[in-house]
There are 2 protein chains.
Amino acid sequence: MTSAAQLTQAQDRFIAVWGQMAGAWGVSRTMAEVHALLYITGEPLCTDDVMERLQISRGNASMSLRALLDWAIIERAHKRGDRKEYFHAEQDVWTLFRAIVRQRITREVDPLLASLYEIRDMTAIDRKRARSDNEDLRERIDIHNQRLESMLEFFQTLEQLAAMFISPAGKGLQAAATLLSKSPREEAAP
Amino acid sequence: MTSAAQLTQAQDRFIAVWGQMAGAWGVSRTMAEVHALLYITGEPLCTDDVMERLQISRGNASMSLRALLDWAIIERAHKRGDRKEYFHAEQDVWTLFRAIVRQRITREVDPLLASLYEIRDMTAIDRKRARSDNEDLRERIDIHNQRLESMLEFFQTLEQLAAMFISPAGKGLQAAATLLSKSPREEAAP
DNA sequence: AGAATCTTTCAATCCTTTCTGAAACTACCC
DNA sequence: GGGTAGTTTCAGAAAGGATTGAAAGATTCT
């Protein structure tokens, strides 16, 4: 077996593994595979390259590439004297994950927070209305409001942290994280 | 409309919203809804309560409750003089999310890291085999190895950070996070 | 031991998401 | 303008997950 074949095999394995992770970061398997392919080869590929290597239809390849563009984790590229569009993946892992976090905050946390605010408004007035002969109801309202408030607080914090990570200042966090994790047991060294 | 009805409505809305988030943290919609119900009411409920309130089958309720137990975000409870099992949700949001992070690290990141190590082993020897008349192949192998290494490093860091968050020491991180996010612009106050 | 009560399992069904492939569309060239 | 190369769209097909419900399995009580 040539090394070339072995390389292809390793790439395929990486693509498969990345594809399985797809669910974990909220995209379809194919989309993750396309990204894996572009990332691991490191070179710009066109739609046909992707179709052939992953054995998927043109429509699927086109949709996945467009979705990846939307997520801003791949970008268009062109070769001189070639009309085709090529695509190449963001090569820095931290930049990649910053983009993913940015997307997921916008798509998931922001709407969630909006809904939580709405729900808070729904019961903000309830407590007053609960007549004093109904202690039980009053207590349930209090519990509800308190749970809702905790949840809101948590996601606000989460969003703030994410904002820090995403912003240019995020590089600082990134550096700190790397440092922290590299010497987790050496803090007390002389 | 009574406040009681309004409370129920607000709870239903919360349950629905939480259910939509299900995908985001890797569980089924129903499982998220069951958790939302237990969390927002704050009181222990039995299987039949859940079935009735969410209009789901016994099997589904049973499975979802068991899964939530596996995730360690709800626990069994019993009422004296009642044979039924009741369930109540972890009430502290930070503890809840620590449990979720713990699960997802074990289920997703650990296996991923294991696979990445395997893949690294697959090509660790390749470079030597690439004959010197094949510069192109050699370069592709180098790129591959470098990408793989970056990915590995990133997930190692991620796992370390998660470990800190999860551990008892995580409370420190939590406090820091809350502080950070509460006064992101007041750092320089006297 | 048997009855009563509650829980779990799993094959069949339903539903949602993803994928395909061919047609429509766009941009460029002669 | 007509032809060609490349890209996007979308209705229908397929795959993958989630849900049901009824039967089997536990557990506790008398």
Side-chain angles (χ1 to χ4, degrees), chain A residues 15-16 18-38 44-71 74-88 103-104 107-108, chain B residues 15-16 18-38 44-71 74-88 103-104 107-108:
Chain A
I15 293 168
W18 207 235
Q20 289 173 340
M21 284 287 289
W25 43 287
V27 301
S28 78
R29 187 174 47 76
T30 305
M31 191 173 152
E33 286 182 352
V34 171
H35 174 260
L37 174 60
L38 293 176
L45 302 177
C46 69
T47 308
D48 293 82
D49 295 335
V50 173
M51 284 170 61
E52 174 160 352
R53 180 68 183 269
L54 301 181
Q55 291 293 300
I56 59 176
S57 71
R58 183 171 300 283
N60 198 2
S62 174
M63 298 285 244
S64 298
L65 285 167
R66 160 180 274 279
L68 288 169
L69 285 170
D70 279 353
W71 279 68
I74 68 173
E75 48 189 42
R76 292 178 206 274
H78 292 276
K79 288 188 179 171
R80 257 173 303 132
D82 189 342
R83 240 162 84 189
K84 273 205 280 291
E85 273 194 314
Y86 288 77
F87 303 89
H88 90 114
Q103 288 297 320
R104 298 201 61 171
R107 285 161 199 248
E108 289 153 18
Chain B
I15 292 168
W18 207 234
Q20 288 173 339
M21 284 288 289
W25 43 287
V27 301
S28 79
R29 185 175 47 78
T30 305
M31 191 174 152
E33 286 182 352
V34 172
H35 174 261
L37 174 60
L38 294 175
L45 302 178
C46 69
T47 308
D48 293 83
D49 296 335
V50 173
M51 285 170 60
E52 174 159 352
R53 181 67 183 270
L54 300 181
Q55 291 292 302
I56 59 175
S57 72
R58 183 170 300 285
N60 199 1
S62 176
M63 298 284 244
S64 298
L65 285 167
R66 161 182 272 280
L68 288 168
L69 285 171
D70 280 353
W71 279 67
I74 69 172
E75 49 189 41
R76 293 177 207 274
H78 292 276
K79 288 188 178 170
R80 257 173 303 131
D82 189 342
R83 239 163 86 190
K84 273 205 283 289
E85 272 193 316
Y86 288 77
F87 302 90
H88 90 113
Q103 288 296 321
R104 299 200 60 172
R107 285 162 199 245
E108 289 155 16

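Computed from a prediction, not measured in an experiment: that's the story for all the values here.
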What one-letter contact string describes nucleotides 10-19 of chain C from 5' to 3', where B marks a base within less than 4.0 Å of any protein heavy atom, S marks contact via sugar-phosphate atoms alone, and - marks no contact? --------SS

To the nearest 0.5 Å, atom CG of L54(B) lies from atom CG of L45(B) at 9.0 Å

CA sep, side-chain torsions, deciding dist, call: D48(A), K84(A), salt bridge (Lys or Arg N to Asp or Glu O under 4.0 Å): CA-CA 10 Å; D48(A) 293 82; K84(A) 273 205 280 291; 5.2 Å; no

Sub-3.5 Å donor-acceptor pair from the side chain of R104(B) to the main-chain atoms of A24(A), do we have one? yes

Interatomic spacing from NZ in K79(A) to SG in C46(A) - rounded to 0.5 Å: 7.5 Å

Could you tell me whether R66(B) contacts a base, only the sugar-phosphate backbone, or nothing, with contacts defined as non-hydrogen atoms closer than 4.0 Å? sugar-phosphate

Rounded to whole angstrom units, what separation is found between the CG atom of D49(B) and the C1' atom of dT7(C)? 15 Å

Rounded off to whole Å, could you give me the CZ-to-P distance for the R58(B) and dA24(D) pair? 17 Å

Between CD on residue E33(A) and CG on residue L38(A), distance to nearest 0.5 Å: 12.0 Å

Do L37(B) and W18(B) come close enough that some side-chain heavy atom pair is under 4.5 Å? no

Rounded to the nearest 0.5 Å, the NE2 atom of H78(A) sits from the CZ atom of R80(A) at a distance of 13.5 Å

Is it the case that the side chain of S64(A) and the backbone of N60(A) share a donor-acceptor pair, with hydrogens and angles ignored and the cut-off at 3.5 Å? yes

Distance, rounded to the nearest Å, where Q55(A) contributes CD and dT20(C) contributes P: 10 Å

For DNA chain D, the residues among residues 76-88 of chain B that have a non-hydrogen atom under 4.0 Å from it: R83(B)

How long is the line joining CG of L54(A) and P of dT20(C), in whole Å? 10 Å

